[in-house]
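This report refers to the structure that appears directly beneath it.
What you are looking at is a predicted structure, and each value in this text was computed from that prediction instead of being measured.
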Amino acid sequence: MKDAKSIQEDLKNIKLPAWQLDATTPDEYHCCEMTRGREFLVRMMTGADPSLAIARFAKENNIRFGKVHATFMGGFQPCKYFVWIPDYANPENWHREGVAVNTNLTMLTSIGGMIGQRPVRGSNETEPFVAMHFVAGGGWDAPTITGHLVEGTLVKGCMQVFITELLDVEALAPVDIFHEAYSYPENFYYNTKKGKPE
């Protein structure tokens, strides 16, 4: 990992796309219009891993991009998730993540996320991946927890989510200024009917 000074030097020599730069005004934003496709209700039972099950569902239903939303029912045991953790060697590194694990039974109260595409190693192909943030808690011995859900989380009981397919969209990969081989979804998107931005 590069230090903050090295990153600043890199930034002087790299032209980043507008969607990857810090905002120049408080009301600045970037957007990509999409078209809603098919709608699904996906059910998972005890022992299913939501990240793996939804990725398989997307692959089998040929969903390149989609949103995961409006969950109801379900709990996790265990629940594995990314949280931001301090980087004492480099305090400028605010985006460092580590996996936290809660083995107590938790009640899922909210989840939202996306289905996207990521490169398959050693190939020019892509495959579906799922990125979801969640809020859970509600057990007598489980505090409210939240974060980025990771593989290894298992459903306890029944979990159901709505999945909406998104059409007319393609990914733009970020310029990797941190030399960390950014993983998706740190990218942005463009509407294929309107064309790739310059």
For the atom pair [atom1] ([X]) and [atom2] ([Y]), what is the distance rounded to the nearest 0.5 Å?
{"X": "Leu149", "Y": "Lys80", "atom1": "CG", "atom2": "NZ", "value": "11.0 Å"}
{"X": "Cys158", "Y": "Met44", "atom1": "SG", "atom2": "CE", "value": "8.5 Å"}
{"X": "Thr126", "Y": "Glu170", "atom1": "OG1", "atom2": "CD", "value": "7.5 Å"}
{"X": "Tyr189", "Y": "Met34", "atom1": "OH", "atom2": "CE", "value": "7.5 Å"}
{"X": "Thr192", "Y": "Asp168", "atom1": "OG1", "atom2": "CG", "value": "4.5 Å"}

Donor + acceptor pair across side chains of Glu39, Thr164 (<3.5 Å):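 Checked: Glu39/Thr164 side chains pair up, N/O donor to acceptor below 3.5 Å.
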Quick check: is [Y] connected to [X] through a chain of hydrophobic side chains (ILVMFWY, heavy atoms under 4.5 Å apart)?
{"X": "Val68", "Y": "Leu166", "answer": "no"}
{"X": "Val130", "Y": "Val42", "answer": "yes"}
{"X": "Val83", "Y": "Met132", "answer": "yes"}

Please walk me through it: do Phe65 and Ile115 pass side-chain contact (heavy atoms from CB on, under 4.5 Å)? CA-CA 5 Å; Phe65 296 95; Ile115 296 168; over 6 Å; no
Between [X] and [Y], is any pair of side-chain heavy atoms under 4.5 Å apart?
{"X": "Met159", "Y": "Ile111", "value": "yes"}
{"X": "His30", "Y": "Phe188", "value": "yes"}
{"X": "Ile54", "Y": "Ile163", "value": "yes"}
{"X": "Val161", "Y": "Phe40", "value": "no"}
{"X": "Pro128", "Y": "Ile63", "value": "no"}
{"X": "Val169", "Y": "Tyr190", "value": "no"}
{"X": "Phe134", "Y": "Pro50", "value": "no"}
{"X": "Thr153", "Y": "Ser51", "value": "no"}

Can you spot which of Asn102, Asn104, Leu154, Leu105 makes a side-chain contact (heavy atoms from CB on, under 4.5 Å) with Gln77?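 So, applying the side-chain contact (heavy atoms from CB on, under 4.5 Å) to Gln77 and each of Asn102, Asn104, Leu154, Leu105, only Leu105 qualifies.
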Tell me if a side-chain donor or acceptor on [X] pairs with a main-chain N or O of [Y] at a distance below 3.5 Å.
{"X": "Arg96", "Y": "Pro86", "value": "yes"}
{"X": "Glu28", "Y": "Thr24", "value": "yes"}
{"X": "Asp49", "Y": "Gly152", "value": "yes"}

Should we say atom CE of Met107 is surrounded by more than 12 heavy atoms from elsewhere, each under 6.0 Å from it?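 No, the 6.0 Å shell around CE holds no more than 12 heavy atoms from other groups.
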Counting only heavy atoms not in Arg56 (residues, nucleotides, ligands), do more than 12 fall under 6.0 Å from its CZ?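 Not more than 12 within 6.0 Å, no.
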Check ion pair [X]-[Y] (N to O, under 4.0 angstrom):
{"X": "Glu127", "Y": "Arg118", "value": "yes"}
{"X": "Lys194", "Y": "Glu33", "value": "yes"}
{"X": "Arg64", "Y": "Glu165", "value": "no"}

Mind running side-chain contact (heavy atoms from CB on, under 4.5 Å) on Leu41 and Gln160 for me, showing each step along the way? CA-CA 7 Å; Leu41 178 59; Gln160 299 187 99; 4.1 Å; yes
Between Met45 and Val155, is the side-chain contact (heavy atoms from CB on, under 4.5 Å) condition met? List the steps. CA-CA 6 Å; Met45 298 299 289; Val155 170; 5.8 Å; no
Start with the C-alpha gap between Val150 and Val99, add the side-chain angles, then the distance that decides, and say whether side-chain contact (heavy atoms from CB on, under 4.5 Å) holds. CA-CA 8 Å; Val150 297; Val99 175; 4.3 Å; yes
